[in-house]
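Everything below concerns the one structure shown next.
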Amino acid sequence: MAAKRSGARSKRSQQISERLQPVQEPRSEPLLSRERIVATAVELLDAQGVDGLTMRRLADRLGSGVMSLYWHVDNKEDVFDLALDSVLEYRGPPQIVASQDWRGEIVHMLEDWRASMLRHPWSASLLPRRALGPNILGRLELLSKTLSRAGVADADVNVAIWSLWNYVMGATITRASFDLSDADRAAAQQRLTRLSERYPTIERSRLLLDNDWDGAFLKGLGFLLDGLSPR
């Protein structure tokens, strides 16, 4: 009888112990939102480039199922459009007061544009072939207004905008893809020196050793703006 009572107490003790264990709530997917999807897509693009973004990888990073993404975005192309536009947001210069320095405004605008794309090099390859979102359209609208206020004729505004667009895109893509080391540059310049009779001007200017990307961008932009200055 004692053994039987002892067994019963042991069973009740086990039952009580089981009831006191914390209840394991079923795991649910993290809350999704378009903003979180876009931010995570930007992280994935920064890490793996355009070819590295798939809906499966994006869902894995978010700890979600692939089909859950489609409640917030249409498809991968939509993700590309949203991610691109998100990194091209422009908040303008810190001064709130309207400036009369139209050149300074344009320089700030285009420096910021270039810097945004260099922080996210994949954006330069996507921009020419994606739908233009509100942030890039806002940049172009502000650029157009600034040029008009500077006195650029309406008939020339489009040419001016595309000229500046081409300059920024070319400068960004070249900088992002030009990854020669200092040693490679020095070796290339040495080869150029041996061929100085054929290429005397660029050898004399030591073109292949010039890596002042920011300075060259600003100076070249100055040349363009000189040409746009109202006569």
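- Linking ILVMFWY residues whenever their side-chain heavy atoms come closer than 4.5 Å, directly or via other members, leaves Leu118 and Ile136 in distinct clusters.
- The shortest heavy-atom contact between Trp113 and Leu140 is CH2-CD2, 4.4 Å.
- Leu195 is not connected to Leu209 by any chain of hydrophobic side-chain contacts under 4.5 Å among Ile, Leu, Val, Met, Phe, Trp and Tyr, and they are in different clusters.
- A salt bridge links Asp214 with Arg114; the closest basic N to acidic carboxylate O contact falls under 4.0 Å.
- Atom CG of Asp101 is separated from atom NE2 of His108 by 11.5 Å, given to the nearest 0.5 angstrom.
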Pair Arg139-Asp112, salt bridge (Lys or Arg N to Asp or Glu O under 4.0 Å): steps then yes or no: CA-CA 10 Å; Arg139 284 179 181 267; Asp112 178 84; 2.6 Å; yes
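- Counting heavy atoms of neighbouring residues, nucleotides and ligands inside a 6.0 Å radius, atom CG of Asp212 exceeds 12 of them.
- The cluster map of Ile, Leu, Val, Met, Phe, Trp and Tyr, joined by side-chain heavy atoms under 4.5 Å apart, puts Ile202 and Leu208 in the same cluster.
- With rounding to the nearest 0.5 angstrom, the CD1 atom of Ile161 is 4.0 Å from the OG atom of Ser144.
- Taking all atoms of both residues into account, the shortest heavy-atom contact from Leu147 to Ala160 is CD1-CB, 3.8 Å.
- Connection of Ile37 to Met67 is established within a shared hydrophobic cluster, with ILVMFWY side chains joined at heavy-atom distances below 4.5 Å, either directly or through further cluster members.
- Proximity of Val38 to Asp85: side-chain heavy atoms (C-beta onward) are nowhere separated by under 4.5 Å.
- One distance of note links CE of Met169 with OG of Ser123; it measures 7.5 Å at 0.5 Å rounding.
- Residues Thr40 and Leu58 come closest through the heavy atom pair CG2-CD1, 3.9 Å.
- In this structure, Asn211 and Phe178 have side chains that are not in contact, with every pair of non-hydrogen atoms separated by 4.5 Å or more.
- Taking all atoms of both residues into account, the shortest heavy-atom contact from Phe217 to Leu110 is CZ-O, 3.9 Å.
- In this structure the side chain of Leu32 never reaches within 4.5 angstrom of the side chain of Trp71, judged on heavy atoms.
- A salt bridge between Arg56 and Asp60 is present, with a side-chain N of the basic residue lying under 4.0 Å from a carboxylate O of the acidic one.
- Taking every heavy atom of both residues into account, Leu88 and Met117 meet most closely at CD2-CG, 3.9 Å.
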Step by step, would you call Arg119 with Val87 a side-chain contact (heavy atoms from CB on, under 4.5 Å)? CA-CA 9 Å; Arg119 285 193 296 271; Val87 302; over 6 Å; no
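- Atoms CG and CG, on Leu44 and Leu53 in that order, are 4.5 Å from each other to the nearest 0.5 Å.
- Side-chain atoms of Leu164 and Leu221, non-hydrogen and from C-beta on, do get closer than 4.5 Å to each other.
- Using a 4.5 Å cut-off on side-chain heavy atoms (C-beta onward), Trp122 and Asp46 make contact.
- Under the 4.5 Å side-chain criterion, counting only non-hydrogen atoms from C-beta, Arg34 is in contact with Asp78.
- In this structure, the separation between CG on Leu62 and NE2 on His72 is 9.5 Å, given to the nearest 0.5 Å.
- The two residues Thr54 and Arg57 make their nearest non-hydrogen contact at OG1-N, 3.1 Å.
- Side-chain contact between Gln190 and Arg194: present, with at least one pair of heavy atoms (C-beta onward) separated by less than 4.5 Å.
- Thr174 has its side chain within reach of Trp213: a pair of non-hydrogen atoms, C-beta onward, lies under 4.5 Å apart.
- In this structure, Ser86 contributes its side chain and Ala83 its backbone to a donor-acceptor pair below 3.5 Å.
- A 6.0 Å sphere centred on CZ of Arg129 holds more than 12 heavy atoms belonging to other residues, nucleotides or ligands.
- The hydrophobic cluster containing Val159 does not contain Leu228, counting ILVMFWY residues as joined when their side-chain heavy atoms lie under 4.5 angstrom apart, directly or transitively.
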Does the side-chain contact (heavy atoms from CB on, under 4.5 Å) test come out yes or no for Glu141 and Lys145, once each step is laid out? CA-CA 6 Å; Glu141 175 67 14; Lys145 285 181 178 178; 3.1 Å; yes
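- The structure places CD of Glu105 at 4.5 Å from CZ of Arg149, a figure rounded to the nearest 0.5 Å.
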